[in-house]
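Here the structure is a predicted model, which means the values were calculated and not measured. One-based numbering along the sequence shown.
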Amino acid sequence: MPFQTHLDKQHPQPERALEEFSIDRPGGIILIGHHLSTSQQIRCLIRTISLSGAVIEVNSGIEVPNHFFLEILGIKDEIGSTLVKRDGAMATISFNMLLNPEFLHHVLRLDFETSH
């Protein structure tokens, strides 16, 4: 039997990218202040969302902090988020933890129910 190396093994396919859903839903960026206070909020429009992050639209004249909580209109929970990239009014953010799939389903269902 020939000597086998790690090169002989088949490697699994890379994981698929997480599916993004278009929601175009109002939201808010809750600024994290001293002692984790959350007194200030910036309005935004959540364009797309996935289990791992979102694309939001914010007035290009307003600075988006590196770390904040994202609030989705109609949902009582805030999502810890980090700014990944900013291009004009559009900002790509990642969530500090993957969303629970049931929570994402609730967000999508709420969006569907309010738009129909």
Side-chain angles (χ1 to χ4, degrees):
M1 180 150 123
F3 182 49
Q4 291 188 334
T5 67
H6 69 283
L7 299 174
D8 294 331
K9 296 179 184 174
Q10 258 201 352
H11 295 284
Q13 293 294 320
E15 288 187 39
R16 294 183 321 173
L18 296 174
E19 185 174 2
E20 289 185 34
F21 300 93
S22 179
I23 62 170
D24 292 330
R25 186 165 189 80
I29 295 170
I30 302 172
L31 304 179
I32 302 169
H34 189 64
H35 295 294
L36 299 178
S37 64
T38 56
S39 59
Q40 295 181 328
Q41 184 172 356
I42 301 168
R43 292 183 181 195
C44 69
L45 182 63
I46 304 164
R47 292 294 188 178
T48 64
I49 192 167
S50 72
L51 292 173
S52 64
V55 174
I56 61 175
E57 187 173 342
V58 183
N59 181 323
S60 59
I62 296 175
E63 186 176 337
V64 176
N66 288 330
H67 303 284
F68 56 90
F69 290 106
L70 179 67
E71 178 182 55
I72 303 170
L73 188 67
I75 304 289
K76 66 177 182 171
D77 296 322
E78 295 95 18
I79 305 166
S81 304
T82 301
L83 178 66
V84 174
K85 177 176 81 170
R86 177 87 188 256
D87 186 16
M90 304 305 283
T92 302
I93 63 171
S94 68
F95 300 140
N96 296 345
M97 293 177 53
L98 288 177
L99 295 182
N100 181 316
E102 293 174 5
F103 177 80
L104 180 59
H105 179 73
H106 174 67
V107 170
L108 297 172
R109 190 176 69 238
L110 183 66
D111 182 59
F112 179 79
E113 290 170 355
T114 58
S115 64
H116 289 84

With hydrophobic residues grouped by side-chain heavy-atom distances under 4.5 Å, do Leu18 and Leu108 end up in a single group?
yes
Which heavy atom of Ala89 sits nearest a heavy atom of Ser60, and at what distance?
N-CB, 4.0 Å
Determine the minimum heavy-atom distance between Arg86 and Ala91, stating which atoms define it.
CD-CB, 3.9 Å
Please report the shortest heavy-atom distance between Gly28 and Gln41, naming the atom on each side.
CA-NE2, 3.4 Å
Please round to the nearest 0.5 Å and tell me the distance separating atom CD1 of Ile42 and atom CD1 of Ile56.
8.5 Å
Take Arg25 and Leu110 through the test side chain to side chain contact (heavy atoms under 4.5 Å, CB included) and record every step on the way to the result.
CA-CA 10 Å; Arg25 186 165 189 80; Leu110 183 66; 3.5 Å; yes
Applying the 4.5 Å side-chain criterion to the ILVMFWY set and letting contacts propagate, would Met90 and Phe95 be lumped into a single cluster?
no
In terms of hydrophobic clustering (I, L, V, M, F, W, Y; side-chain heavy atoms under 4.5 Å; direct or indirect links), are Ile46 and Ile75 co-clustered?
yes
How close do Pro101 and Leu51 get, counting heavy atoms only, and between which atoms?
CA-CD2, 3.8 Å
Transitively linked via ILVMFWY side-chain contacts under 4.5 Å: Val58 with Leu83?
yes
Looking at Asn59, I'd like to know if its CG atom is crowded, meaning that more than 12 non-hydrogen atoms belonging to other residues, nucleotides or ligands lie closer than 6.0 Å.
yes
Carefully, step by step, assess Leu104 and Phe21 under the rule side chain to side chain contact (heavy atoms under 4.5 Å, CB included).
CA-CA 10 Å; Leu104 180 59; Phe21 300 93; 3.9 Å; yes
Going hydrophobic residue to hydrophobic residue with side-chain gaps under 4.5 angstrom, can you get from Leu73 over to Val107?
no
Show, in sequence, the C-alpha distance, side-chain angles and deciding distance for Ser81 and Ile29, and conclude whether the side chain to side chain contact (heavy atoms under 4.5 Å, CB included) test is met.
CA-CA 9 Å; Ser81 304; Ile29 295 170; over 6 Å; no
Run the side-chain donor-acceptor check on residues 61-69: report pairs under 3.5 Å with partners two or more places apart or on a different chain.
from  : atom 1 : to    : atom 2 : distance (Å)
His67 : ND1    : Thr82 : OG1    : 3.3

Given the options Ile23, Val55, Asp24, Thr92, Thr48 meets side chain to side chain contact (heavy atoms under 4.5 Å, CB included) only with Val55
